[in-house]
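One structure is given here, and the rest of the page talks about it.
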Amino acid sequence: MSSENITRSIKSSVKGVLRKVGRRPEAKRLTRAMGFVNRPAGANVGVSNVPLPGQVAVYFGDGADKIYQVAQWLPVLEELHQKEEVLLVFRTMSAFNAAGKLTDLPKIFVRRFSDLMDVYDDNDLKLVIYVNNSRSNFQSLDHPRLVHVHVNHGESDKLSMVSNKAKAYDKVFVAGPAAIKRHEAMLIDFDFNKLLVTGRPQLDIDFKLELEPSDKFDVMYAPTWEGENEDNNYTSLDRYGVAIVEALLANPDLRIIYKPHPRIEASKTPGVAQAHQRIKELLQASIDLGAEHVISEQGNILAMFESTDALITDVSSVGLDYLYLHPGKPLVISDRRNNRKNLLRDAPIAQACHVIDRKSVTELPLLFEDALTHDAHKTQRLDMREFYFGELTRGDSTVRFQQVVQDLIAERQKNLVDFRGWHS
């Protein structure tokens with residue numbers, strides 16, 4: 001039987017079961033939530049793990065092009081699932097399908113707002129996690145009983161890391177002291193008691209190595225993407241990317257690992273797409289001659305860090321993740337705006353790194369020799385790690401994250417004695 005026929009058979013069986021349940025309100029709501037009734041022509045249906053389990057919902061309103069924002073949380077959520085059942089809630093079929101290839105966590109596609117409210121009200125969900133600031137988050141936030149928690153999908157000094165939308169959530173999980181200062185500098189009339197330090201539980205995961213270390217000095221170049229507007233554009237690709245790779249290729253003692261942001265592969269932005277293609281051509285030409293360089297457009301970067309000796313990146317979560325895991329290894333970041341004063345203000349990590357900008361890009365061989373060989377910033381980076389992540393060591397963040405989630409659930413349940421409910 002073809003996969004299409006199997007899928008059709010499963011859907012038919014589920015609909016049959018629902019018909020037997022009868023016309024009770026909860027049955028009709030579940031039927032609508034799965035898209036089996038009042039479904040316009042051409043609408044997709046996603047069904048997983050019926051009836052709906054879970055204490056903790058993870059809400060994602062965007063499409064598959066942003067599924068990486070959920071993907072980096074999946075190992076953490078899978079561990080949380082052992083203590084508090086987790087349900088992934090998607091509003092687009094493309095993201096629902098993409099997640100199905102990444103995790104076995106229970107998941108559901110809910111197209112309509114009214115059905116989303118029914119899913120929340122008719123099940124035992126108690127807390128909702130948001131990994132981004134999608135506009136559709138505000139539909140989910142409309143339900144008053146659940147605890148709404150924003151966790152973001154990384155820890156970085158990008159402008160997008162602090163949003164006025166933070167005021168809408170009950171709590172905002174942050175990595176450490178630097179994130180708190182970031183919010184204090186950017187938000188007005190914000191209740192800073194909303195901020196809860198939970199570290200970076202994603203970095204506690206022991207990933208299976210995706211990259212074997214080599215006999216050479218392994219340098220990763222991991223540029224970020226160009227963002228959705230110029231204010232959030234921190235990529236080095238179009239400004240310095242080709243020059244960085246050419247300078248690295250000139251040193252035969254290095255193995256280059258090119259790991260761009262997952263969205264770079266499909267970028268159509270002039271300059272970025274061209275630089276990305278040129279870098280791949282340069283590296284492939286060297287690989288064809290016997291070099292062991294690596295091009296990895298969609299791999300798990302956290303599973304590659306262990307096999308690297310140094311990192312070159314931009315203002316992004318990648319550099320801070322590397323700082324957390326390997327503060328003793330050389331780190332170089334870029335400044336596409338060529339404003340060192342603002343860079344040091346907005347990205348304090350730059351104080352503990354060599355910086356590639358319009359001036360230093362003309363002297364990359366010397367910069368790399370100094371950064372990779374002498375590494376005079378090592379002591380500063382150790383201090384900077386504490387500034388960004390506090391006293392948390394590897395493993396502590398997961399314990400803190402799970403405990404805070406459980407505490408928030410317990411606290412909210414105490415306050416629901418007289419809550420009348422969405423449908424009551």
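Side chains included, hydrogens not; waters and symmetry mates left out as well; all remaining heavy atoms used.
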Is the closest side-chain donor-acceptor distance between Asp142 and Tyr120 under 3.5 Å?
-> no
Supply the atom-to-atom distance Leu283 CG to Leu249 CG, rounded to the nearest 0.5 angstrom.
-> 5.5 Å
Okay, side chain of Arg182, backbone of Ser156: is any donor-acceptor separation there less than 3.5 Å?
-> yes
Output yes when Glu265 and Lys280 qualify as a salt bridge under the 4.0 Å nitrogen-oxygen rule, no when they do not.
-> no
Atom of Met304, atom of Ser296 and distance for their closest heavy-atom approach = CE-OG, 2.9 Å
Is there side-chain contact between Ile256 and Val219, with heavy atoms separated by less than 4.5 Å?
-> no
Is it the case that Ser140 and Tyr130 place a side-chain donor and acceptor less than 3.5 Å from each other?
-> yes
CA sep, side-chain torsions, deciding dist, call: Leu248, Ile312, side-chain contact (heavy atoms from CB on, under 4.5 Å) | CA-CA 11 Å; Leu248 294 174; Ile312 302 167; 3.9 Å; yes
Nearest 0.5 Å please: distance from the CD atom of Glu386 over to the CG atom of Leu392.
-> 10.5 Å
Test item: Phe173 and Phe401 side chains (from C-beta on) under 4.5 Å apart, heavy atoms = yes
Quick one: closest heavy-atom pair of Pro177 and Gly390, and the distance?
-> CD-N, 3.6 Å
Can you check whether Asn137's main-chain N or O pairs, donor with acceptor, with Arg91's side chain at less than 3.5 Å?
-> no
Atom CG of Asp191: over 12 foreign heavy atoms under 6.0 Å | yes
Would you mind reporting whether Tyr388 and Asp157 have side-chain heavy atoms less than 4.5 Å apart?
-> yes
Do the numbers put Arg337 on top of the ring of Tyr234, so that NZ or CZ is under 6.0 Å from the six-membered ring centre and no more than 45° off the axis?
-> yes
Which pair of heavy atoms, one from Ile67 and one from Phe90, lies closest together, and at what distance?
-> CD1-CE2, 4.1 Å
Please name all residues satisfying side-chain hydrogen bond (donor to acceptor under 3.5 Å, both in side chains) with Asp375, sequence neighbours left out, ordered by chain then number.
-> Arg381
Looking at Ala222 and Val318, what are the two nearest heavy atoms and their distance?
-> CB-CG1, 4.1 Å
Would you say Asp218's side chain and Met220's backbone share a donor-acceptor pair under 3.5 angstrom?
-> no
Would you mind reporting whether Lys216 and Leu254 have side-chain heavy atoms less than 4.5 Å apart?
-> no
Do Thr224 and Asp314 meet the criterion of a side-chain donor-acceptor pair at a distance under 3.5 Å?
-> no
Shortest non-hydrogen pair, Asp238 vs Gly271, comes out as CB-C, 3.6 Å
Heavy atoms, side chains only, cut-off 4.5 Å: are Gln72 and Val131 in contact?
-> no
Show your working on side-chain hydrogen bond (donor to acceptor under 3.5 Å, both in side chains) between Gln380 and Asp383 and close with a plain yes or no.
-> CA-CA 5 Å; Gln380 289 175 281; Asp383 293 336; over 6 Å; no
Under a 4.0 Å N-O cut-off, is there an ion pair linking Arg394 with Asp206?
-> yes
May I ask you to decide if Thr308's main-chain N or O and Lys329's side chain share a donor-acceptor pair within less than 3.5 Å?
-> yes
Is a side-chain donor or acceptor of His150 paired with a backbone partner of Asn132 at a separation under 3.5 angstrom?
-> yes
ring-ring contact (aromatic ring centres under 6.0 Å, His included) pairs touching residues 191-212, sequence neighbours excluded, are Phe190-Phe192
For the pair Val272 and Ile264, evaluate side-chain contact (heavy atoms from CB on, under 4.5 Å) and give the outcome as yes or no after the intermediate values.
-> CA-CA 8 Å; Val272 172; Ile264 291 294; 3.8 Å; yes
Flag for Gln402-Lys83: side-chain donor and acceptor within less than 3.5 Å = yes
Classify the ring geometry between Tyr68 and His153 as parallel (under 30°), tilted (30 to 60°) or perpendicular (over 60°).
-> perpendicular
Would Val149 and Val128 satisfy side-chain contact (heavy atoms from CB on, under 4.5 Å), going step by step from the backbone distance to the final call?
-> CA-CA 6 Å; Val149 176; Val128 187; over 6 Å; no
Hey, are the side chains of Val76 and Thr398 touching, using non-hydrogen atoms and a 4.5 Å cut-off?
-> no
Indicate yes or no for a side-chain donor-acceptor contact from Arg255 to the backbone of Phe217 under 3.5 Å, with no hydrogens or angles considered.
-> no
Run the numbers on Leu77 and Ile129 for side-chain contact (heavy atoms from CB on, under 4.5 Å), then give the verdict.
-> CA-CA 10 Å; Leu77 297 171; Ile129 289 174; 4.3 Å; yes
Separation of Asp346 CG from Met161 CE (nearest 0.5 Å) = 13.5 Å
Whether over 12 other heavy atoms sit under 6.0 Å from Gln284 CD = yes
Phe389 and Glu155, any side-chain heavy atoms less than 4.5 Å apart | yes
Indicate yes or no for a side-chain donor-acceptor contact from Trp73 to the backbone of Asn152 under 3.5 Å, with no hydrogens or angles considered.
-> yes
Quick one: does Lys126's side chain have a donor or acceptor within less than 3.5 Å of a partner on Gln413's backbone?
-> no
Contact check, side chains of Gln55 and Leu127, non-hydrogen atoms, under 4.5 Å = no
Only one of Asp115, Leu116, Leu52 forms a side-chain contact (heavy atoms from CB on, under 4.5 Å) with Ile108, so which one is it?
-> Leu52
Lys414 with Glu411: basic N within carboxylate O range, under 4.0 Å = no
Count the heavy atoms of every other residue, nucleotide or ligand shown that sit under 6.0 Å from NZ of Lys167, and state whether that count exceeds 12.
-> yes
CZ of Arg200 to CG of Leu323, rounded to nearest 0.5 Å, is 11.5 Å
Measure the CG-OH distance between Leu146 and Tyr59 for me, rounded to the nearest 0.5 Å.
-> 13.0 Å
Short side-chain to backbone donor-acceptor contact, His81 and Val86, under 3.5 Å | yes
Just by distance, with hydrogens left out, do Glu226 and Thr269 show a side-chain donor and acceptor under 3.5 Å apart?
-> yes
Would a distance-only check, ignoring hydrogens and angles, find a side-chain to backbone donor-acceptor pair under 3.5 Å from Glu210 to Asn300?
-> yes
Does the ring center of His148 lie less than 6.0 Å from the ring center of Phe138?
-> no
Point-to-point distance, once rounded to the nearest 0.5 Å, from CD of Glu281 to NE2 of His276 = 10.5 Å
Which atom pair, heavy atoms only, marks the closest approach of Ala371 to Pro330?
-> O-CB, 3.5 Å
